[in-house]
There are 2 protein chains.
Amino acid sequence: MDAALRLLEDQSLSSLGLREVTRAVGVAPAAFYRHFRDLSDLGVALVEESLGSLHHMINAVLAGQEGDEERIEAAVDAVAEHVRRYPAHIRFIARERHGGVRAVREAIAAELDRFADEVATAFCPQLPAESWPPEDVRMLAELYVDHMVMTATAFLEAQADHPGAAEERKVAATARKQLLLISLGRHHWHDE
Amino acid sequence: MDAALRLLEDQSLSSLGLREVTRAVGVAPAAFYRHFRDLSDLGVALVEESLGSLHHMINAVLAGQEGDEERIEAAVDAVAEHVRRYPAHIRFIARERHGGVRAVREAIAAELDRFADEVATAFCPQLPAESWPPEDVRMLAELYVDHMVMTATAFLEAQADHPGAAEERKVAATARKQLLLISLGRHHWHDE
DNA sequence: AAATTCAGCGAACGGCTGTTTACTGAATGA
DNA sequence: TCATTCAGTAAACAGCCGTTCGCTGAATTT
């Protein structure tokens, strides 16, 4: 799986060859079948590995009980740190989220749906129930999850194009402002 | 290009074969080289075709001088209609935006940057200049562009999973609410 | 009318692909 | 201790891949 992740840094899963993977590991092609049925099978395994670590990070941020701006700061920093530590994982997710392998796409979509559930239940107690019906909470959670993915890929491109930290700081500043803007909207939701 | 777009509906560009394209057209493999140097060359041509039509649509919506909610309605409807009309185009963009072919990724990023420029200049006259420095206008424009792409791919998945119009209406409702929330945040930007 | 560009042709090139087969030796468990 | 699972092997299979070559006929230009 590590070898595959490395190869997937500059190609997509649907063009990855089985032999290519075994060659990178230093193993006979047939040995692949001892571990995976398919390349798409390997793909869904990589989805679980890649989104598992992100999952822990998200929960940690969600558990913090700070105010709006502190939480935004913590979330953006956590995403930045995660991207710095596991760039290949999140590159894989960004690439295959709409990629050519159906099973992998569906695995990612299901996992991101679970993320949205958790964000929704984390935000629910903080929102006045009379102006936040469940479907509105859900739409807010989806906005947050999509924005997180968006921000993560922006960090990725920043560190790919420009190893220096300048571009990275610009991405962080933009992400913070966008989250602040969403927070403002959230506070004025349904108050005419 | 039409044949390639058709083949790319269920695979990504980096796994598309030159012979595969020529076979779909009914032409000898060597004929490909009369039109494109590479498959990535074909890719950037497809980017221009795909984002060109979207471009016109966006400008039409931006030119409309209605109020907030009317503009949101018009924008979401226009995106929905566009996805219905050119699903393969926008699927291609979603897939290759973070795909395995560098040149294509860069072409898409450059084009979306131009989109953000246009959104920024369209919104600029409506925003009080004292609370909206240029970089804040830019971050707003990027949020809108990313949300548009996000919404378009959501429509795509809705019509792929469920040919009926029910799922599609749900996506539209969510997108409208998210844009409304962003509008609220925009109106309360920097007013403590 | 002659010359030139153009798009396409068939054939060939070495090289890489996924998958199956039967076999091997080490680790594991009863 | 003996049987079984486990991970890996080499070899072979047919088939597809991108690319190059010289040639052809139509369209276009001069």
Side-chain angles (χ1 to χ4, degrees), chain A residues 1-50 52 88-89 91-93 95-108, chain B residues 1-50 52 88-89 91-93 95-108:
Chain A
M1 286 171 67
D2 294 353
L5 215 50
R6 214 172 313 127
L7 290 166
L8 286 171
E9 297 216 37
D10 31 37
Q11 68 184 300
S12 39
L13 182 59
S14 66
S15 74
L16 184 66
L18 177 154
R19 293 184 106 108
E20 203 175 346
V21 177
T22 60
R23 196 184 313 128
V25 180
V27 146
F32 178 88
Y33 295 98
R34 300 288 175 196
H35 304 264
F36 306 98
R37 189 176 306 121
D38 254 346
L39 276 167
S40 73
D41 196 21
L42 190 161
V44 311
L46 283 175
V47 170
E48 290 170 25
E49 181 178 280
S50 299
H89 280 177
R91 165 163 289 131
F92 170 71
I93 295 298
R95 188 158 289 170
E96 301 304 327
R97 183 181 185 190
H98 306 286
V101 183
R102 166 181 292 265
V104 172
R105 270 190 332 249
E106 286 172 353
I108 294 176
Chain B
M1 288 171 68
D2 293 353
L5 215 50
R6 216 171 312 128
L7 291 166
L8 287 171
E9 297 216 36
D10 30 38
Q11 66 185 299
S12 41
L13 182 60
S14 66
S15 73
L16 184 66
L18 177 155
R19 293 182 106 108
E20 202 175 347
V21 177
T22 60
R23 196 184 314 127
V25 180
V27 147
F32 178 89
Y33 295 97
R34 300 289 175 195
H35 304 265
F36 307 99
R37 189 175 308 119
D38 253 348
L39 274 168
S40 73
D41 195 22
L42 190 160
V44 311
L46 283 174
V47 171
E48 289 170 25
E49 182 180 279
S50 299
H89 280 177
R91 164 162 290 130
F92 170 73
I93 295 299
R95 186 158 290 169
E96 302 303 328
R97 184 183 183 186
H98 306 286
V101 183
R102 167 180 291 265
V104 171
R105 272 191 330 250
E106 286 171 352
I108 294 176

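Protein chains get the first letters and strands the later ones, always in sequence-line order, with residue 1 at the start of each.
- Using a 4.5 Å heavy-atom cutoff, the side chains of B:L46 and B:L13 are not in contact.
- Side chains of A:L18 and A:F36 form no contact here, defined as non-hydrogen atoms less than 4.5 Å apart.
- Side-chain N or O atoms of A:R95 include one that pairs as donor or acceptor with a backbone N or O of B:G99 at under 3.5 Å.
- A donor-acceptor contact shorter than 3.5 Å is absent between the side chain of A:R6 and the backbone of A:A24.
- Interface residues of residues 31-43 of chain B facing DNA chain D, ordered by number: B:Y33; criterion, heavy-atom separation under 4.0 Å.
- Judged by distance alone, the side chain of A:R91 and the main-chain N or O of B:H98 form no donor-acceptor pair under 3.5 Å.
- Of the residues in residues 2-26 of chain B, B:G17, B:L18, B:R19, B:R23 come within less than 4.0 Å of DNA chain D through at least one heavy atom, sorted by number.
- Using a 4.5 Å cut-off on side-chain heavy atoms (C-beta onward), A:V25 and A:F32 make no contact.
- A:I108 places a side-chain heavy atom less than 4.5 Å from the side chain of A:E96.
- Summary for the helix from C:dA1-D:dT30 to C:dA30-D:dT1: the axes at its two ends, each from 5 pairs, differ by 30° when rounded to the nearest 10 degrees.
- Between B:F92 and B:G43, the shortest heavy-atom contact is CZ-O, 3.6 Å.
- Heavy atoms only, all atoms of each residue included: B:S40 and B:V104 are closest at O-CG2, 3.9 Å.
- Using modelled atom types, no side-chain atom of B:R102 and backbone atom of A:D10 make a donor-acceptor pair closer than 3.5 Å.
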